[in-house]
K.L.:
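Starting off with a structure, shown below.
Each chain gets a letter, A, B and so on, in the order its sequence line appears, and its residues count up from 1.
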Protein chains: 2
Amino acid sequence: MPLRADAARNRESLLAAAITEFAEQGMDAPIAAIARRAGLGKGTVFRHFPTKDDLVGAIVLDRIARLTAAGERLSTAADAGAALLEFMTTAAQERERLDLSVLQGDLGAEVAAAQTRMSAVIDALVDRAREQGAVRADITGADVMLLMCVPNDVVKHLPSGAPDLWRRYLAILFDGLRPEGAHPLPVPPPS
Amino acid sequence: MPLRADAARNRESLLAAAITEFAEQGMDAPIAAIARRAGLGKGTVFRHFPTKDDLVGAIVLDRIARLTAAGERLSTAADAGAALLEFMTTAAQERERLDLSVLQGDLGAEVAAAQTRMSAVIDALVDRAREQGAVRADITGADVMLLMCVPNDVVKHLPSGAPDLWRRYLAILFDGLRPEGAHPLPVPPPS
DNA sequence: TAACAAGTTGACCGCGCGGTCCGTTTCGCG
DNA sequence: CGCGAAACGGACCGCGCGGTCAACTTGTTA
């Protein structure tokens, strides 16, 4: 049986409220604040997401799905280096900034599967870029996976002010991924 | 009146316990756990540090002081580029990993002052490196200040396993700071 | 429009945390 | 020694959180 109409609407409100609340207040924002922001009762949140982790999981799942779709769309671009850069830009500019530190906790098999799928897409993106000589030979998809959230994380500590500053650090980081002037890396990539 | 002998000893035990506990369990490790690890009572912690923030502040202060000293020592090295790299290495390899996100909360004027002093040292380091052409012309001390904690942060999300992986990402990041093959940056540096 | 299921609500519970307090222990000095 | 002050310990308090529940409201469907 599908969701009732108002319930579906409320579910979306809740997700939106949670996304902005988490972005503004950090990942330990109280559920009550999310409910208030959505103009709903606290109990309603738990009806849709039995656990706070379920709520976070739903958000993360959506984010990963979007990113995966973007990656797939870019995986056939002519300029693989530009495609990779655009992918990382997309990853960084998602308004719904939620620190990926959240992925350390187990969000369930669904999230893990989505993550694996995204990982494959990133691998493809990086492989093509490497073949075209757009990025250095010694980096892998796993590297990009770890590094793509850096620009946001760097800026998050700031009291803010410059909302576009992450672009600066993405540019610096990406220059570090280019083959020109690359120095050998002291440690092999992770699994 | 100076501290009593056992009190001074206990203070050190507490700081050490807090550092490792925070590193292992994250910044919201309970005070009780720190006390237990130090083999002391919870009340003793609050006698030395009236507030959890005071404890964190003491640790951060010490960390900043160490880093500042290391920076000063390096500020006269012949090869300014190598000096900057070594500084960032020192910053990253501190066993006492505590995410600098903690600096967003106000830890008091003392910490702020120490931070300013460190900022000046980093500025000097970066300026010299730039003059020697070891780093690109368009980065500043503020950039390095923001970026130097990246290698640790990147690896922290991992279930661990490779304790030296941060070196890999420091190398990539530093390659992004070099002048060779640098692309223009889209956004000016922060204040 | 009647009637039932699906959805909503906010008061409520338990827990774990930061922080307090006072009886007890320990240091250090004459 | 012995004594006073400094330091310690852990039971205790209040608060804010995640999560529950039973009474109430509302969409849906025939």
K.L.:
How long is the line joining CD1 of Ile31(A) and P of dC12(C), in whole Å?
P.N.:
21 Å
K.L.:
What integer distance in Å separates Asp54(A):CG from dG18(D):P?
P.N.:
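Result: 14 Å.
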K.L.:
Rounding to an integer number of Å, can you tell me how far Phe46(B) CZ sits from dA11(D) C1'?
P.N.:
14 Å
K.L.:
If only side-chain N and O atoms of Thr44(A) are considered, is one of them under 4.0 Å from the OP1 or OP2 phosphate oxygen of dG7(C)?
P.N.:
no
K.L.:
Does a side chain donor of either Arg128(B) or Ser75(B) reach within less than 3.5 Å of an acceptor in the other side chain?
P.N.:
no
K.L.:
For Thr140(A) and Asp143(A), indicate whether the former's side chain and the latter's backbone hold a donor-acceptor pair under 3.5 Å.
P.N.:
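Indeed, once roles are kept as given, a pair shorter than 3.5 Å links the two residues.
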K.L.:
Please tell me which of Gly43(A) and Ala32(A) maps to the more 5' nucleotide of DNA chain D, matching each residue to the nucleotide holding its nearest heavy atom.
P.N.:
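That would be Ala32(A).
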K.L.:
Kindly say whether Ile139(B) contributes a backbone atom to a donor-acceptor pair with the side chain of Arg130(B) at under 3.5 angstrom?
P.N.:
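Yes, the answer is positive, given that a donor and an acceptor are paired below the 3.5 Å cut-off.
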K.L.:
Answer with base, sugar-phosphate or nothing: what part of the nucleic acid does Ala35(B) contact at a heavy-atom distance below 4.0 Å?
P.N.:
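Nothing: the residue Ala35(B), judged by heavy atoms under 4.0 Å, touches no strand.
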K.L.:
Tell me which nucleotide among dG7(C), dG18(C), dA6(D) gets nearest to the side chain of Met1(B).
P.N.:
dA6(D)
K.L.:
Return the value, rounded to whole Å, for the distance between atom CZ of Phe49(A) and atom P of dT20(D).
P.N.:
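The distance from CZ of Phe49(A) to P of dT20(D) comes to 15 Å, rounded to the nearest Å.
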K.L.:
State whether His48(B) places a side-chain N or O below 4.0 Å from either non-bridging phosphate oxygen (OP1 or OP2) of dA7(D).
P.N.:
no
K.L.:
A quick test of your reading: do over 12 heavy atoms of other residues, nucleotides or ligands sit less than 6.0 Å from CD of Gln132(A)?
P.N.:
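Buried by this count: over 12 neighbours within 6.0 Å.
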K.L.:
For Ala8(B), which contact category applies under a 4.0 Å heavy-atom criterion: base, sugar-phosphate, or nothing?
P.N.:
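The residue Ala8(B) makes no contact with any strand.
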K.L.:
Map Lys42(B) and Asp6(B) onto DNA chain C by nearest heavy atom, then report which one ends up closer to the 5' terminus.
P.N.:
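Final value for this comparison: Lys42(B).
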K.L.:
Rounded to whole Å, please give me the gap between CZ in Arg11(B) and C1' in dA6(D).
P.N.:
16 Å
K.L.:
dC22(C) C1' sits how many Å from Arg47(B) CZ, rounded?
P.N.:
12 Å
K.L.:
Need one value for Ala33(A): base, sugar-phosphate or nothing, where a base atom within 4.0 Å counts as base even if backbone is also close, heavy atoms only.
P.N.:
nothing
K.L.:
Inspect the contact between Arg178(B) and Asp175(A) and indicate whether a charged nitrogen and a carboxylate oxygen are less than 4.0 angstrom apart.
P.N.:
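No, this pair does not count.
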K.L.:
Reckon Lys52(B) touches a base, only the sugar-phosphate, or nothing at all at heavy-atom distances under 4.0 Å?
P.N.:
sugar-phosphate
K.L.:
Rounded to the nearest Å, what distance is computed from the CG atom of residue Asp53(A) to the P atom of nucleotide dC17(D)?
P.N.:
17 Å
K.L.:
Of the candidate nucleotides dC8(D), dG18(C), dT20(D), which contains the atom at the shortest distance from the side chain of Ala7(B)?
P.N.:
dC8(D)
K.L.:
Does the dA7(D) base have a donor-acceptor partner in the side chain of Arg4(B) within less than 3.5 Å?
P.N.:
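When only heavy-atom distances are counted, Arg4(B) does not reach the base of dA7(D) through any donor-acceptor pair under 3.5 Å.
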K.L.:
dG19(C), OP1 or OP2 - any side-chain N/O from Thr51(B) closer than 4.0 Å?
P.N.:
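Yes.
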K.L.:
For the pair made of CZ in Arg37(B) and C1' in dG9(D), what is the distance, rounded to whole Å?
P.N.:
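For the pair Arg37(B) CZ and dG9(D) C1', the rounded distance is 20 Å.
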K.L.:
If you pin Asp28(B) and Leu3(A) to their nearest nucleotides in DNA chain C, which one's is more 5'?
P.N.:
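Looking at the nearest nucleotide for each, Leu3(A) comes out on the 5' side.
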K.L.:
Does the distance from a Lys or Arg side-chain N to an Asp or Glu carboxylate O, for Arg36(B) and Glu21(B), drop under 4.0 Å?
P.N.:
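Salt bridge between Arg36(B) and Glu21(B), a charged N being under 4.0 Å from a carboxylate O: no.
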